[in-house]
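The structure appears below as structure tokens.
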Amino acid sequence: MKIKITTNISNEFKEASIIINAPELSDELQNVINYISNINTIPHQIMASKNNEIYFIDLNKVICFFSKDKYNYARTQDGSYKIKYKLYELEELLKQKDFIRISNSCIINIQQVSCFDTSILGTILVKLKDNTQETVSKRNVSRIMKLLKERGNLK
């Protein structure tokens, strides 16, 4: 579906509004509506701690969220920070952003991926920009392959 976008910027308007004209409500259009509706609820930062200090970390700088020794962490180029969220809460909260769960213990930021290595049959190794690697669990391989096909226009 092609979507035509027209903007009309003028100080005569008191507030911004979005009007959608379409012949039918397709799944793609519903996704656009959902995204726009939730845009103000999507966080841009997450609170984390390290050495008894509290930080607000920009989500774009998060490489991945992971579990280790019963705690959850956010990893950035500057190191790992403990977070209070459970991974399933983050998965739900960040589904409109570029984060995807690859295993029970890891959610990656797609923008922080160097490459997906599919050379081992039935397995995907995710190489991240901080020179670390994460393995996609077998149950998530098909979802990651679907994402790669959608994003890369693969056939």
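The salt bridge (Lys or Arg N to Asp or Glu O under 4.0 Å) analysis of residues 13-27, with sequence neighbours excluded, yields no pairs. Applying the ring pair (Phe, Tyr, Trp, His ring centres under 6.0 Å) rule to pairs touching residues 83-112 yields F65-F99, sequence neighbours excluded.
To the nearest 0.5 angstrom, I110 atom CD1 is 12.0 Å from C64 atom SG. Atom CD1 of I20 is separated from atom CD of Q30 by 9.0 Å, given to the nearest 0.5 angstrom. Distance CG/D58 to NE2/H44: 9.0 Å, rounded to 0.5 Å. Atom-to-atom distance recorded for I124:CD1 and S142:OG is 8.5 Å, nearest 0.5 angstrom. A distance of 7.0 Å separates CG in N131 from OG in S114, rounded to the nearest 0.5 Å. Atom CD in E28 sits 12.0 Å away from atom CD1 in I33 (nearest 0.5 Å).
For K127, the salt bridge (charged side-chain N to carboxylate O under 4.0 Å, His left out) partners are D117, not counting sequence neighbours. Applying the salt bridge (charged side-chain N to carboxylate O under 4.0 Å, His left out) criterion to D78, with sequence neighbours excluded, gives no partner residue. Remark: R101 engages E91 in a salt bridge (charged side-chain N to carboxylate O under 4.0 Å, His left out) (not counting sequence neighbours).
Side-chain contact between S103 and F66 is absent, with no heavy atoms from C-beta onward closer than 4.5 Å. In this structure, the side chains of I100 and I144 come closer than 4.5 Å at one or more pairs of heavy atoms. Between T118 and M145, some side-chain heavy-atom pair lies under the 4.5 Å cut-off.
Smallest separation of non-hydrogen atoms from M47 and I83: O-CG2, 3.9 Å. Nearest heavy-atom pair across Q133 and L125 is OE1-CD2, 3.1 Å. Taking every heavy atom of both residues into account, R75 and S80 meet most closely at CG-OG, 3.7 Å. Scanning all heavy atoms of the two residues, the minimum distance from N60 to N109 falls at O-ND2, 3.7 Å. Of all non-hydrogen atoms in I108 and L128, the two that sit nearest each other are CG2-CD2, 4.4 Å. The minimum heavy-atom distance between F56 and Q45, with the atom names listed, is CB-OE1, 3.7 Å.
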* To do: Decide side chain to side chain contact (heavy atoms under 4.5 Å, CB included) for Q77 and I63; before the verdict, give the C-alpha distance in whole Å, the side-chain angles of both, and the deciding distance to 0.1 Å.
  => CA-CA 8 Å; Q77 292 284 357; I63 295 166; 4.2 Å; yes

* Given side chain to side chain contact (heavy atoms under 4.5 Å, CB included), test L90 with I46 step by step and report yes or no. => CA-CA 10 Å; L90 287 168; I46 188 166; 3.6 Å; yes

* I102 and I107: side chain to side chain contact (heavy atoms under 4.5 Å, CB included), yes or no, with the steps? -> CA-CA 6 Å; I102 62 166; I107 298 172; over 6 Å; no

* Yes or no on side chain to side chain contact (heavy atoms under 4.5 Å, CB included) for T123 and V136, after CA distance, side-chain angles and deciding distance? -> CA-CA 7 Å; T123 302; V136 176; over 6 Å; no

Listed pairs under 3.5 Å, donor-acceptor, residues 4-13 side chains, sequence neighbours left out:
{"residue": "S10", "atom": "OG", "partner": "E12", "partner atom": "N", "Å": "3.2"}
{"residue": "S10", "atom": "OG", "partner": "E12", "partner atom": "OE1", "Å": "3.4"}

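Other residues, nucleotides and ligands contribute more than 12 heavy atoms inside 6.0 Å of the NZ atom of K50. Counting heavy-atom neighbours within 6.0 Å of Y55 OH, excluding the residue itself, gives a total above 12. Counting non-hydrogen atoms of neighbouring residues, nucleotides and ligands closer than 6.0 angstrom, the NZ atom of K146 reaches no more than 12 such neighbours.
Grouping the Ile, Leu, Val, Met, Phe, Trp and Tyr side chains by contacts below 4.5 angstrom, directly or via other members, places V62 with Y81.
A side-chain donor-acceptor contact under 3.5 Å links E89 to the backbone of K86. A distance-only check finds a donor-acceptor pair linking the side chain of K129 to the backbone of Q111 [under 3.5 Å].
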